[in-house]
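Shown next, in structure tokens, is the structure this report addresses.
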Amino acid sequence: MENPVAFDLNRAIQLWRENLASSPSFCGENLDELAAHLRDSVATLQAHGLSVDEAFLVASRRIGTVSSLESEFAKVNQKSLWLDRGLWILIAVQLWKIIGAVSALAMALAVAAAMGVNELLPSFGLQPISDAPIQWGVSLIASPLVIAILAGLGWRYLAWPREWFSGVFRPLLRRPSTLALVLFLTGITLSAGAGWLLVYWVYPILYHQNLAGGYFPWRNLAIQLPGCMILAALTFSVARRRLRLSPA
Amino acid sequence: MLTKELVAASTVPLVLSVLTRGESYGYELIQQVRELSAGKIEWTEGMLYPVLHWMEGEGMIESEWREAETGRKRKYYRLKKEGRKILQEEKQRWLTVHETLTKLWKTQSHLT
């Protein structure tokens, strides 16, 4: 019976290649070489009388399963594997800083909400909530751990974070300077901004502490800047090396 | 069929020996070994490439991407001086094993 959808060999090889490309064990050149092999193998099998889709099936089976190829190539591509791991560690460190800053912003929002509630309560003839439960509540809501758990749940049950990750973030891995710059700017703006917000707004209300007196407004920026710069420079250099080894 | 261990041990001398006939690319290397062994030496095709890359890293062979007459690009491998040296050593080892076994089997003909 004639296949209603014509088999497209180029498309099949491209899909097969993309499937392998998701593993850091292969560099772009490895994939080119394997794809060239697959084409040769398909051509030989076709010459022996197989149809193109049959030839592709047999050829891709003969070349080996993804997991077996992965484990063999990983042995010779150790360096690019370590660069890949290193890059993800650097990204994770910077994301953790960003999560920390987001927690400070959440704290500010929670304080604003608590204040709003406390202003409304007397008009209903109720006593305003005292400081201690607010302090506890705010710190709990704004704990980086809680935010990380919420982010994890969002990742698990919502579609858009994953779409954003594969559509926006993953392509950034191929552009080291943009990646480093985006992480640097997000990190520095959020962490310096969050520090400023905490000192000038949250702590004075929450703990009745006025730290702002004698507090150099740009101190947070000055403290965060060297660390963020070092992380950005490392991210740039690791991402660039990784890209050179695996332009996949 | 060869055992997994024997396949692993014989890949390097086989590749080096085939390349003494002139440069070649992965698919052709596999085909040549299959034909020469009458189908008894069957490699999992993709596994040859990591070995080739390792051999290149060790300086036994060198490679170059070139366009074939069909217009398709292929990576060709060529033997280097170091590779010839290693092939000589490998040859000695395999011949030693071969000769010893042959002598033993000649005197113990019931085994063959």
Side-chain angles (χ1 to χ4, degrees), chain A residues 9-10 12-14 16-17 19-21 23-48 52 55-82 244-248, chain B residues 1-5 7-12 14-15 18-19 23-37 39-78:
Chain A
L9 180 63
N10 288 330
I13 290 182
Q14 197 194 333
W16 179 85
R17 199 193 139 109
N19 188 23
L20 289 188
S23 159
S25 306
F26 306 98
C27 71
E29 205 204 2
N30 297 156
L31 298 174
D32 289 342
E33 200 175 19
L34 287 170
H37 177 104
L38 206 54
R39 280 183 190 282
D40 280 328
S41 188
V42 168
T44 312
L45 289 162
Q46 274 185 288
H48 281 91
V52 62
F56 177 77
L57 267 175
V58 175
S60 54
R61 196 181 160 83
R62 278 193 186 165
I63 208 165
T65 61
V66 175
S67 59
S68 62
L69 288 174
E70 202 174 15
S71 65
E72 288 304 308
F73 274 88
K75 289 178 195 161
V76 282
N77 290 339
Q78 284 291 329
K79 202 176 163 193
S80 72
L81 265 178
W82 279 108
R244 274 202 199 134
L245 279 181
S246 62
Chain B
M1 280 295 272
L2 300 186
T3 60
K4 208 175 134 197
E5 290 76 16
V7 168
S10 59
T11 306
V12 170
L14 280 170
V15 167
V18 175
L19 289 179
E23 60 171 18
S24 184
Y25 52 95
Y27 184 72
E28 200 179 50
L29 278 167
I30 293 167
Q31 294 295 93
Q32 290 199 31
V33 170
R34 185 182 291 144
E35 274 169 33
L36 288 165
S37 68
K40 284 178 193 140
I41 301 181
E42 189 86 44
W43 286 330
T44 309
E45 300 183 352
M47 304 302 188
L48 177 66
Y49 294 99
V51 179
L52 287 171
H53 301 157
W54 174 79
M55 288 169 73
E56 194 178 2
E58 296 288 308
M60 296 182 212
I61 53 177
E62 57 190 356
S63 69
E64 185 193 7
W65 278 94
R66 261 208 328 271
E67 216 162 284
E69 60 278 13
T70 51
R72 239 184 265 147
K73 282 184 113 187
R74 288 192 183 119
K75 198 177 179 189
Y76 286 86
Y77 293 90
R78 232 187 336 263

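In what follows, every chain begins at residue 1, and chains take the letters A, B, ... in the order their sequences are listed.
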Atom group of B:Glu42 that falls short of 4.5 Å from chain A, counting heavy atoms:
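When you check distances to chain A, no heavy atom of B:Glu42 falls under 4.5 Å.
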Less than 4.5 Å to any heavy atom of chain A: does that hold for the side chain of B:Leu48, its backbone, both, or neither?
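Contact with chain A: none, neither part.
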Distance-only side-chain donor-acceptor flag, A:Glu29 / B:Trp65, under 3.5 Å
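Yes, because at least one side-chain N or O of A:Glu29 sits under 3.5 Å from a partner of the opposite role on B:Trp65.
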Looking only at the side chains, is there a donor atom on one of B:Tyr49 and A:His37 sitting less than 3.5 Å from an acceptor on the other?
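Side-chain D/A pair, B:Tyr49 to A:His37: present.
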Between A:Glu72, A:Lys75, A:Arg39, A:Arg62, the one whose heavy-atom pairs under 4.5 Å with chain B are most numerous
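Counting heavy-atom pairs under 4.5 Å, the top option is A:Arg62.
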Output side-chain donor-acceptor pairs under 3.5 Å for residues 41-48 of chain A, partner residues at least two apart or in another chain, one line each.
{"residue": "A:Thr44", "atom": "OG1", "partner": "A:Asp40", "partner atom": "O", "Å": "2.8"}
{"residue": "A:Thr44", "atom": "OG1", "partner": "B:Tyr27", "partner atom": "OH", "Å": "2.6"}
{"residue": "A:His48", "atom": "ND1", "partner": "A:Thr44", "partner atom": "O", "Å": "2.9"}

Which atoms form the tightest heavy-atom contact between A:Ile63 and B:Thr44, and what is the distance?
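It is O-CG2, 4.2 Å.
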Should the heavy atoms of other residues, nucleotides or ligands under 6.0 Å from CZ of A:Arg61 be counted, would the total exceed 12?
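Result for CZ/A:Arg61: open.
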For A:Asn77, is it the side chain, the backbone, both, or neither that has a heavy atom closer than 4.5 Å to a heavy atom of chain B?
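Nothing of A:Asn77, per the 4.5 Å heavy-atom cut-off to chain B.
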Per-residue contact mode, A:Ser71 against chain B (heavy atom under 4.5 angstrom)
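No part of it gets close to chain B.
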Any residue of residues 50-59 of chain B which, by heavy atoms, sits under 4.5 Å from chain A:
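Hits under 4.5 Å: B:Pro50, B:His53, B:Trp54.
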